[in-house]
Amino acid sequence: MRHDSRQPDQLRPIKVERGYTKATPGSILISAGDTVVLCTASLDDSVPPWKKHEENPGGWVTAEYNMLPGSTSPRKRRKADGRSSEIQRLIGRSLRAVVDFDALGPRTITVDCDVLQADGGTRTLSITGGFLALLDTVLSIPDTCELAEGEIFDPKKVFSNSVAAVSVGVVNNQPVLDLDYIEDSTAGVDMNVVMTGSGDFVEVQGTAEGQIFDRGLLDAQLELATSGIQQLSAIQKECIGEAWPI
């Protein structure tokens, strides 16, 4: 039993509120235990300058990540840092892994992930919630929009799969799923795993934090991550309901 009474393979309670703000077509407030992230997605009917030179540029998806000053104690200074840059690149890569840019058409979607409260797992929760914000934005695009050569926009063609992420680690020599801050700060091994809804890996980030780990311990953590992603994917699908296009 863990310090918060969870089993090793148990996620923190996940809550999702869709349409949390009105200014963007995609807006998701998502929480895992005491970690809370606001994910919004904005639509721009253009592509980055470097993409305009391509013969069929298609669309683009990018992401930004920030921890608000009041998300931690003591206060986090409001400035860009290397950690935030690394995380937002991870979020962008993860979302782009399941997007067909030709089907999206010549438009850019920017997913902003702002951490309101941090208690571990902010980057993984940002990916899980960011995908929902991205999905809602794509669903908001009128199906009367034309793509290249007169093809009509179809949101069902934009996504090849869903994507979600979760942390795993080794705490007190026990592999556990979805670490909070207390566990993350004392973990012997810390990993972040990004996977599609069908079970394929997008990215695995694993680090020994004081103890080395063998293949058996790695496999045990990946099994936990796979189970966690399956649960998160089911939550994503339930959140969107009948509009789920994948």
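These numbers come from the heavy atoms of this one structure, side chains and all, not from hydrogens, waters or symmetry mates.
Linking Ile, Leu, Val, Met, Phe, Trp and Tyr whenever their side-chain heavy atoms come within less than 4.5 Å puts W50 and I109 in one cluster. Both F201 and V98 belong to a common hydrophobic cluster when Ile, Leu, Val, Met, Phe, Trp and Tyr are linked at side-chain heavy-atom distances under 4.5 angstrom. There is no path of hydrophobic side-chain contacts, each under 4.5 Å, that joins Y181 to V166.
Connectivity analysis of hydrophobic side chains (ILVMFWY, heavy atoms under 4.5 Å, direct or indirect) links L29 to Y20, V36, L38, L68, L116. Residue V47 belongs to no hydrophobic cluster, having no ILVMFWY side-chain heavy atom closer than 4.5 Å to its own. Cluster partners of V176, by chain and number: V171, L179. The rule joins Ile, Leu, Val, Met, Phe, Trp and Tyr whenever side-chain heavy atoms lie under 4.5 Å apart.
Contacts of F101 classified as ring pair (Phe, Tyr, Trp, His ring centres under 6.0 Å), with partners at least two apart in sequence or in another chain: W60. Among residues two or more places apart in sequence or in another chain, the side chain to side chain donor-acceptor pair (under 3.5 Å) test is passed with N66 by none. The side-chain contact (heavy atoms from CB on, under 4.5 Å) check on T110 picks up T62, T108, D112, with sequence neighbours excluded. With sequence neighbours left out, D9 forms a salt bridge (charged side-chain N to carboxylate O under 4.0 Å, His left out) with no residue at all. Taking Q211 as the reference, V170, N173, V189, L217 meet the side-chain contact (heavy atoms from CB on, under 4.5 Å) condition, with sequence neighbours excluded. Legend: residues meeting ring pair (Phe, Tyr, Trp, His ring centres under 6.0 Å) with Y65, ordered by chain and number and at least two apart, are absent.
Contact of the R18 side chain with the I28 side chain is registered, since non-hydrogen atoms from C-beta on lie closer than 4.5 Å. When side chains are defined from C-beta on, V158 does not count as touching P245, because their heavy atoms never get closer than 4.5 Å. Within the 4.5 Å cutoff, no side-chain heavy atoms of I127 are placed close to those of V202. Counting heavy atoms from C-beta on, the side chains of Q231 and D178 never come closer than 4.5 Å. Side-chain contact between M191 and L218 is present, with at least one heavy-atom pair separated by less than 4.5 Å. Residues S126 and I87 fail the side-chain proximity criterion, which asks for heavy atoms closer than 4.5 Å.
Between V138 and P155, the closest heavy-atom pair is CG1-CB, 3.9 Å. Closest approach of C39 and I30 over heavy atoms only: SG-CG2, 4.4 Å. Between A118 and T72, the closest heavy-atom pair is CB-CG2, 3.9 Å. Nearest heavy atom pair, residue A225 against residue V168, reads N-CG1, 3.7 Å. Shortest non-hydrogen contact noted between T137 and A41 is OG1-CB, 3.1 Å. Closest approach of A208 to F213, counting heavy atoms only: N-CE2, 4.1 Å.
Salt bridge R12/D180: absent, no basic N to carboxylate O contact under 4.0 Å. We find that D4 and R6 are joined by a salt bridge, their nearest charged nitrogen and carboxylate oxygen being less than 4.0 Å apart.
With S227 contributing its side chain and E223 its backbone, the two residues share no donor-acceptor pair below 3.5 Å. Panel note: side chain S31, backbone G33; no donor-acceptor pair is recorded below 3.5 Å. Not a single donor-acceptor pair under 3.5 Å links the side chain of R75 to the backbone N or O of P69. Not a single donor-acceptor pair under 3.5 Å links the side chain of N172 to the backbone N or O of Q174. No donor-acceptor pair closer than 3.5 Å links the side chain of S27 to the backbone N or O of T24. Q236 contributes a side-chain N or O that, together with a main-chain N or O of V163, makes up a donor-acceptor pair within less than 3.5 Å.
Counting only residues at least two apart or in different chains, salt bridge (charged side-chain N to carboxylate O under 4.0 Å, His left out) contacts with residues 34-51 comprise D45-R107, K51-E54. Pairs engaging residues 116-126 under the salt bridge (charged side-chain N to carboxylate O under 4.0 Å, His left out) rule: E86-R123 [sequence neighbours left out]. Among residue pairs with one or both ends in residues 162-172, none qualify as salt bridge (charged side-chain N to carboxylate O under 4.0 Å, His left out); sequence neighbours excluded.
For the atom pair I246 CD1 and F131 CZ, the distance stands at 3.5 Å (nearest 0.5 Å). Distance CG/L177 to CD/E183: 9.5 Å, rounded to 0.5 Å. Rounded to the nearest 0.5 angstrom, I141 CD1 and L104 CG are separated by 5.5 Å. Taking CD1 of I14 as the reference point, atom OG1 of T35 lies at 9.5 Å (rounded to 0.5 Å). Distance check, rounded to the nearest 0.5 Å: CG of L132 to CD1 of I240 gives 5.0 Å. To the nearest 0.5 Å, atom CG of residue L134 and atom OG of residue S42 are 11.5 Å apart.
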Subject >> Worked check of side-chain hydrogen bond (donor to acceptor under 3.5 Å, both in side chains) between T124 and N192 >> reply: CA-CA 7 Å; T124 53; N192 298 298; 4.9 Å; no
Subject >> Derivation and outcome, side-chain contact (heavy atoms from CB on, under 4.5 Å), residues D184 and S167 >> reply: CA-CA 9 Å; D184 184 61; S167 64; over 6 Å; no
Subject >> Verdict with supporting geometry, D100 and F159, side-chain contact (heavy atoms from CB on, under 4.5 Å) >> reply: CA-CA 6 Å; D100 183 324; F159 295 100; over 6 Å; no
